[in-house]
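Notes follow the structure.
From a predicted model like this one, the values you see are computed outputs, not experimental measurements. Atom set for the values below is all heavy atoms of this structure, side chains included, hydrogens, waters and symmetry mates excluded. In listed order, ligands and their atoms are each counted from 1.
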Amino acid sequence: MAKYNYDKKVLKGLTPFPFLGEVKTRTAAIEAAPDTIANSMFNANILAGRLHPSIQHCIISKVIDHGDAKSFTLTPDAEKGTKELAYFRASQYVSVSLNIDGALVNKPYTIRSNPKDALGTEHTSYILTIKLTNPSYASGFILNTWKEGDRIDISGPLGDFYYQELRDAKHVVAIAGGSGITPFYSMAAAIVDGIEDFDMTILYGSRTADGILLKEEIEELAARSDGRIKVIHILSHEEAEGYEHGFITAELIRKYAPEGDYSVFMCGPKAMYKFEENEMKKLGLPKRRYRMEMSGDYLKASDNADFPAEQKGREYSLTVDIRGEKKTVPCKAEESLLWAMEKAGIRAPSHCRSGECGWCHSKLIKGKVYIPKDADGRRAADEKYGWIHPCVSFPLSDIELCVYPTE
Ligand code: FES
């Protein structure tokens, strides 16, 4: 059997002199090149940077007062380097950087406006509609202090609580509680403009008729939708003609949901999700057919049945290591490690605040924490090697934590 599968005679005919000449040519090219490293930007990188900016500098260009809520129109702050706002999927959120009396906080808020308003490179804008919530440390601060002309920093669009045609049914039953209408407003605007292609029945729960946030605006969108969007108002604290009364029960959903297949999207307070999960079971809906918007603080962890009761009221110390610099701050058992850091003026990375996005991913060096099961979004390897999400981790002892800011 031949040792080589090519004709060696051809190689023997080649002389090395042309190759030796190449060395000279190459050396000359290297000497002629500039000392700086070539900066290659590919179109894909440019597009990724536009769609997923780590920070967007904005100006508040308009404020509309709705009573206990306000709508803020944000436009790019070109002076600080943001020339356009990133395009988003209807119902995504941005996290807003706040300095509340020295507490450095990132809070997620849904972009309530039409994705079309962020399309292109000119005059792009977002609208955030923010209602006074409990706890009010961030919403109260925003409603009391934000005014036209202020400059704020926000993240790029985040979250996966959007319509996905490969996963979701062609008809969405949207269950909104209070300011939970905001993602569905954005979806409705996208449907009317032909950006999204599905039908939507919105079951919108409010306490009283007077307190319905964006009532005229959402009904105006429904009127322009060619019947693709329907809005049903449900009042929990009063009975009035033309409104349903009570809670959004399985029976009520059955009354307004279409015949056949549909997906349920929910956005509202945690108590509403607990109630609605039960209703989903009564409807016999498989888990893949209902989804909840989870971004926002994980509240009342100590009310969970598996939270160790003896821990209530205790306070521990939290030692934070950021790039070798250590700081020790107090931390209550009923407060998240993230909130303890923020309160102490540590700019810890975070976006969703609910254990979903992974942005706050930190290494637990020492100590024990309580992590609610319904907010533990870690991978098995993270769990095994001691990585935690401080936004949903509550101290059960003194803690040592290594935090990795991205900027
Ligand atoms: S901020 Fe998203 S997981 Fe903690």
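By the 30° and 60° cut-offs, the orientation of the rings of W146 relative to F72 is perpendicular. A tilted orientation is assigned to the rings of H389 and H361, their planes being inclined by 30° to 60°. Classified by interplanar angle (parallel below 30°, tilted 30° to 60°, perpendicular above 60°), the ring pair F198/Y163 is parallel.
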Under the side chain to side chain donor-acceptor pair (under 3.5 Å) rule, what do S71 and T129 come out as? Steps first, then yes or no, please.
-> CA-CA 4 Å; S71 288; T129 297; 2.7 Å; yes
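Which parts of ligand 1 touch H351 is read off a 4.0 Å heavy-atom cut-off, strictly below it: atoms 1 (S). Close contacts of ligand 1 with C357, meaning ligand atoms under 4.0 Å from a residue heavy atom, involve 1 (S), 2 (Fe), 3 (S). Atoms of ligand 1 lying under 4.0 Å from at least one heavy atom of E356, given by number and element, are 3 (S). Taking a cut-off of under 4.0 Å to the non-hydrogen atoms of G355, the atoms of ligand 1 that pass are 3 (S).
Centred on atom 4 (Fe) of ligand 1, the angle running from C360 (SG) to C391 (SG) is recorded as 100°, rounding to 10°.
With hydrogens left out, the protein atom closest to atom 3 (S) of ligand 1 is G358 N, 3.1 Å, a heavy atom.
When heavy-atom distances to ligand 1 are checked against a 4.0 Å cut-off, H361 has no atom that comes that close, whether in backbone or side chain.
Between the side chains of Y137 and D297, a donor-acceptor pair is found at a separation under 3.5 Å.
E244 meets the salt bridge (charged side-chain N to carboxylate O under 4.0 Å, His left out) test with K255; sequence neighbours excluded.
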